[in-house]
Amino acid sequence: MLRRASGLLARPILAARARPFSTDLPAAQTADATFVEAWKKVIPNMDPPKTPLSFMQPRPPTPSSIPSKLTVNFVLPYASELATKEVDMVIVPATTGQMGILPGHVATIAELKPGVLSVHEGSDVTKYFISSGFVFIHANSFADIIAVEAMPLDQIDASLVQKGLADFTQKLSSATTDLEKAEGQIGIDVHSALNSALTG
Amino acid sequence: MASNAAVPFWRTAGMTYITYSNICANLVRNCLKEPYKTEALSREKVHFSISKWTNGKPEKPTSDV
């Protein structure tokens with residue numbers, strides 16, 4: 001019933017529809033002021049429901065000078081590894097190669113391949129192996145790294161990696177259909193990335 | 001829109017990105033050291049049961065753990 005009410009209130013179309021890229025957004029508002037006003041006109045006795053916009057923290061606006069630190073959010077489906085952590089630099093394994101992200105990086109969306117993510121803060125470097133994912137770099141020096149599976153390098157077992165590499169090389173050579181060949185190739189890519197992460 | 005780079009090999013073989021990403025994640029999980037490996041595999045376990053319907057009635061469900 002309440003869902004129909006928002007249609008009846010005839011919310012004005014937000015400027016949201018005209019936005020071209022999600023990395024170029026200006027800072028979002030905290031409360032949906034027009035919705036609250038329209039609600040109060042029609043239903044003055046009930047409190048307006050909270051819209052998703054009021055739960056979200058607004059994205060900080062793009063500062064006019066390049067900030068000194070990069071703010072990184074590194075999330076996994078089951079945990080958030082780094083939440084708005086300020087760092088000097090991050091190196092991500094993009095499909096086009098290792099990409100270094102410094103404060104003031106141009107807004108980018110990059111797909112990640114299996115590889116090593118390294119977070120540089122002062123003289124500390126923390127490395128994680130990522131299975132695959134995406135990185136969204138926003139114009140205000142915020143970077144969101146999302147990965148399906150990630151772990152520190154010391155949790156990886158080298159002997160299992162070698163075994164996997166050998167298995168998949170053999171699987172690829174004995175593959176017949178395209179799908180099997182693709183799976184074999186994926187196995188080889190992932191295991192060689194794991195290998196170079198452990199040795200490199 | 002910029003034209004895409006060469007289509008990835010798994011896409012030409014008919015695989016979607018989600019399948020590719022899940023395969024990569026599974027392979028990486030299988031290479032973990034012991035306590036982490038069991039945690040990761042149990043975290044990703046899915047329980048479901050399937051029941052086929054015939055003539056408007058469900059048959060006995062088969063459960064896959």
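Every chain is numbered from 1, with letters handed out A, B, ... down the list of sequences. Since the model is a prediction, treat every value here as computed from it, not as a measurement.
One distance of note links NZ of B:K37 with CG of A:L160; it measures 5.0 Å at 0.5 Å rounding. Considering CG of B:L32 and CG of A:L194, their distance stands at 9.0 Å, rounded to 0.5 Å. From B:K33, atom NZ reaches atom CG of A:D154 across 6.0 Å, with rounding to the nearest 0.5 Å. Between the CD1 atom in A:I130 and the SG atom in B:C24 there is a gap of 12.0 Å [rounded to 0.5 Å]. In this structure, CG in A:D189 is found 6.5 Å from OH in B:Y20, a value given to the nearest 0.5 Å. Put simply, CZ on B:R43 and CD on A:E149 are 5.5 Å apart, with the number rounded to the nearest 0.5 Å.
Residues A:L117 and A:V125 do not share a hydrophobic cluster, defined by chaining ILVMFWY side chains whose heavy atoms lie under 4.5 Å apart. A:I145 and A:Y78 fall within the same hydrophobic cluster, where Ile, Leu, Val, Met, Phe, Trp and Tyr residues are linked whenever their side-chain heavy atoms come under 4.5 Å apart, directly or through other members.
Looking at A:I156, both its backbone and its side chain come within 4.5 Å of chain B, counting heavy atoms on both sides. Only the side chain of A:E111 comes within contact range of chain B, with heavy atoms under 4.5 Å apart. Both the backbone and the side chain of A:V161 come within contact range of chain B, each with at least one heavy atom under 4.5 Å from a heavy atom of that chain. The contact between B:I23 and chain A is made entirely by side chain atoms (from C-beta outward), counting heavy-atom distances below 4.5 Å. There is no contact between B:N26 and chain A, counting heavy-atom distances below 4.5 Å.
Of all residues in residues 162-173 of chain A, those placing a non-hydrogen atom less than 4.5 angstrom from a non-hydrogen atom of chain B are A:F168. Listed by sequence position, the residues of residues 91-101 of chain A in contact with chain B number zero, using a 4.5 angstrom heavy-atom cutoff.
Across B:A25, B:A40, B:P35, the residue that shares the most heavy-atom pairs under 4.5 angstrom with chain A is B:A25.
Between B:L27 and A:G187, the shortest heavy-atom contact is CD1-CA, 3.6 Å.
Residue-environment remark: CG (A:L179) exceeds the threshold of 12 foreign heavy atoms within 6.0 Å. The environment of NZ in A:K69 is crowded: more than 12 heavy-atom neighbours from other residues, nucleotides or ligands sit within 6.0 Å. Counting non-hydrogen atoms of neighbouring residues, nucleotides and ligands closer than 6.0 angstrom, the OH atom of B:Y36 reaches no more than 12 such neighbours.
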